[in-house]
2 protein chains.
Amino acid sequence: MSKRQNHREEVFVKILDAAEVEFGLKGYNGASLQHIAERAGLPKPNIIYYFQSKANLYKQVLDQTLMGWNDLFDKATLEDDPAVVLDSFIRVKLKQSFEKGGASRLFAMEVISGALHIGDYLKEELRPWFSSRVELLQAWMDAGKMRQCDPASVIYMIWATTQHYADFEAQVLALSGIESLGDEDLQRIGDTVSSIILAGCGLTLPAKD
Amino acid sequence: MSKRQNHREEVFVKILDAAEVEFGLKGYNGASLQHIAERAGLPKPNIIYYFQSKANLYKQVLDQTLMGWNDLFDKATLEDDPAVVLDSFIRVKLKQSFEKGGASRLFAMEVISGALHIGDYLKEELRPWFSSRVELLQAWMDAGKMRQCDPASVIYMIWATTQHYADFEAQVLALSGIESLGDEDLQRIGDTVSSIILAGCGLTLPAKD
DNA sequence: GTCTATAAGCTGATAGAC
DNA sequence: GTCTATCAGCTTATAGAC
C-alpha cells in the first residue's frame, strides 16, 4: 500500500462523502458537480477524473449507501421470538436513521423520483429479502405467535416510521422547535414506536432479568 | 365572470396541474419550465407570463398542495372517542396518499431538501396545529382514554406510514410486483395500519350496529 | 394576450499546459 | 496526477413582433 494509493483513497472518500450530502439534499438533477467539488475542496474536473461521469458518481454513492441496511431482521427464523426480533429491528433502523441521515435522504430522493437508477437493486436484491421476511411474519402469525394482519404493511410501517426522522428531519425539528435530535429523543421515540407496533401485533417483550 | 376570465382560470389550473406533476417527479431543480410547458400543452414563455418566475410557480403549487391537509383530526376534542378519531384520521390520510400521490411526493421532496420554501408554513401554520393535537393526545392519555406514550411520535407514525404508499410508491410496486395499487389494497392496508396503531395505543373501535 | 427569437448564465464534460 | 481554460448544450427569463 503506497503513499500514492493512500492519497487516491482519501480523495475518493472525500468526493463520495460530499456527493452523498449534495445528492441527498437536492436529488440527482439538483446536485451539481460544481457544488460537490466545492464541498470536497477540489477543482471540478477532478471529480470527473476520478469518477468519469456524474451518473457513475451517483451510482457509486448509491451502491455504498445500499450495502448492509437490513443486517439484523435478516437472520431471524420461525423459532425466534418475533417480539425480540421486531423490537431490535425497529431500534437498529431508528439508530441508522439518526446516524446516517444523509444516506437515508439520498435513498428517499431516488425512490420518490421513480427509482430509475436502482430498479435492479429493488428487483434482484431487496425484493427476495422482502418476500422472505413477509413469509416469516406470516409463519409467525400462522403459528399463533402474533396477531393475524398484513405482513407487508407491518414492514412498510417500520421502515416508514424509522426513516421519517431522517428524511423529514427539517419538519420534525421545525415542529418540535429544537435544533437537533439527541440520544434522549432516540430512546423516547424508540420506546414509543416499538411499544405501539409490538402491542399492535399482539406481542410482548420477555421480562428482563 | 367573462369568457376571458374563464380562459385565464383554465390556463392557470392547467399550468398548476402540470407543474405539480413535474415538481413532484423531479423536485425543484430537476423540473424545467420546458417540460412543464409541454405537459400543459403551451409555449414556454406563457408559463412566465402567468407566473412571473419558476420560483413563484413552485411556491403557488406548494400553497395549493398544503391547503386542507388535516381537515379531520382538526376538530376533535377531549370528549371525542380517540379510537374513532384516529381510525378516521389514518384512513383519510391513506386515501389522500393514494389519490394525491403527486402532491405528497412534491411535499416530501421539499422537506427532504431542507424545507427552504415552506419554513413559514411549518412554523406559523403546521406547528400550532401539531402542538394542539399533541396536547389533545396527552389529555386523552391523562384521562385514561388511551395508553401513555409519546404523543408526537404517534402523529409522526401515522403521517409516515400513510404517506409511505405515495412517496415510496416505486419501491412498494417493485416489491409487490404489481403495477398499481387498487381499492382492495387501500382497504387491506387501512385495516392493518389502523388496527396496529389503535391496539398499540390501547384503543378499541366501538362495535358497529 | 400569445408566441418567436434570443439573451445571459450555469451545466456536464473535455483538451491540454504543467 | 492536477488544474486552467473552454466547449456545446440546456436552463430561466426577456424583448418585441403579431
Side-chain angles (χ1 to χ4, degrees), chain A residues 1-63 106 109-110 113-114 116-117, chain B residues 1-63 106 109-110 113-114 116-117:
Chain A
M1 185 87 68
S2 71
K3 189 187 170 187
R4 291 268 165 203
Q5 273 191 338
N6 271 327
H7 179 251
R8 240 190 116 79
E9 185 76 13
E10 274 174 36
V11 174
F12 246 91
V13 171
K14 202 152 63 173
I15 295 173
L16 281 171
D17 285 349
E20 182 181 299
V21 175
E22 286 292 320
F23 283 132
L25 281 172
K26 303 173 189 170
Y28 180 77
N29 289 294
S32 77
L33 293 183
Q34 182 70 260
H35 289 126
I36 294 172
E38 282 168 15
R39 188 179 288 274
L42 292 166
K44 187 169 61 163
N46 290 34
I47 313 284
I48 297 291
Y49 173 74
Y50 278 95
F51 288 91
Q52 291 78 48
S53 71
K54 184 186 182 181
N56 183 51
L57 171 60
Y58 185 64
K59 205 175 171 325
Q60 303 253 14
V61 173
L62 273 178
D63 283 348
L106 171 61
M109 273 283 197
E110 169 63 18
S113 302
L116 302 176
H117 302 82
Chain B
M1 186 86 70
S2 71
K3 189 185 169 186
R4 290 267 165 204
Q5 272 192 336
N6 270 327
H7 178 252
R8 242 191 113 78
E9 186 75 12
E10 274 174 36
V11 175
F12 246 90
V13 172
K14 204 152 62 174
I15 295 174
L16 280 172
D17 286 348
E20 182 181 302
V21 176
E22 287 291 322
F23 283 131
L25 282 172
K26 302 174 191 170
Y28 180 77
N29 290 290
S32 78
L33 292 182
Q34 181 71 262
H35 289 127
I36 294 172
E38 281 167 15
R39 187 178 290 274
L42 292 166
K44 187 170 57 164
N46 291 35
I47 313 284
I48 296 290
Y49 174 75
Y50 278 95
F51 289 91
Q52 292 77 49
S53 72
K54 184 186 183 182
N56 183 52
L57 171 59
Y58 183 64
K59 206 176 171 323
Q60 303 254 13
V61 172
L62 273 179
D63 282 349
L106 172 60
M109 281 262 204
E110 170 62 18
S113 303
L116 301 177
H117 302 83

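Small disclaimer: the values here were computed from a predicted structure and weren't measured.
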Describe the nucleic acid contact of [X] in one word from base, sugar-phosphate, nothing, applying a heavy-atom distance below 4.0 Å.
X       : answer
B/Tyr50 : sugar-phosphate
B/Ala55 : nothing
A/Ala37 : nothing
A/Pro45 : base

Query raised in the report: So which one's nearest nucleotide on DNA chain D is more toward 5', B/Gln34 or A/Lys44?
Result: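 Nearer the 5' end of the strand: A/Lys44.
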Query raised in the report: Closest to the A/Lys54 side chain: D/dT2, D/dT12, C/dG12?
Result: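 Nearest to the side chain of A/Lys54 among the choices is C/dG12.
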**Report entry** Nearest to side-chain heavy atoms of B/Ser32, which nucleotide of D/dT11, D/dG1, C/dG1
**Finding:**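 Of the candidates, D/dT11 comes closest.
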Spacing between [X] atom [atom1] and [N] atom [atom2], to the nearest angstrom:
X       : N      : atom1 : atom2 : value
B/Leu42 : C/dT4  : CG    : P     : 12 Å
A/Ile48 : C/dT14 : CD1   : C1'   : 9 Å
A/Tyr49 : D/dT2  : OH    : P     : 6 Å
A/Asn29 : D/dT12 : CG    : C1'   : 16 Å
A/Leu33 : C/dC10 : CG    : C1'   : 12 Å
B/Ile47 : D/dT14 : CD1   : C1'   : 15 Å
B/Glu22 : D/dT12 : CD    : C1'   : 15 Å
B/Ile36 : D/dC10 : CD1   : C1'   : 15 Å

Side chains of [X] and [Y]: does their closest heavy-atom pair fall under 4.5 Å?
X        : Y        : answer
B/Glu110 : B/Leu106 : no
B/Val11  : B/Ile15  : yes
A/Tyr50  : A/Leu57  : no

Query raised in the report: Angle class for the A/Tyr28/A/His117 ring planes (parallel below 30°, perpendicular above 60°, tilted otherwise)?
Result: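 Tilted: the ring planes of A/Tyr28 and A/His117 meet at 30° to 60°.
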Query raised in the report: Does C/dC10 have OP1 or OP2 sitting under 4.0 Å from an N or O in the side chain of A/His35?
Result: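 Indeed not, no polar side-chain atom of A/His35 lies that close.
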**Report entry** A/Asn46 side-chain N/O to D/dG1 phosphate OP1/OP2 under 4.0 Å
**Finding:**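 No, because none of the side-chain N or O atoms of A/Asn46 sits under 4.0 Å from OP1 or OP2 of D/dG1.
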Query raised in the report: With no hydrogens and no angle check, is any side-chain donor or acceptor of A/Lys26 less than 3.5 Å from a backbone partner on A/Ser32?
Result: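 Checking the backbone N and O of A/Ser32 against the side chain of A/Lys26, no donor-acceptor pair under 3.5 Å is found.
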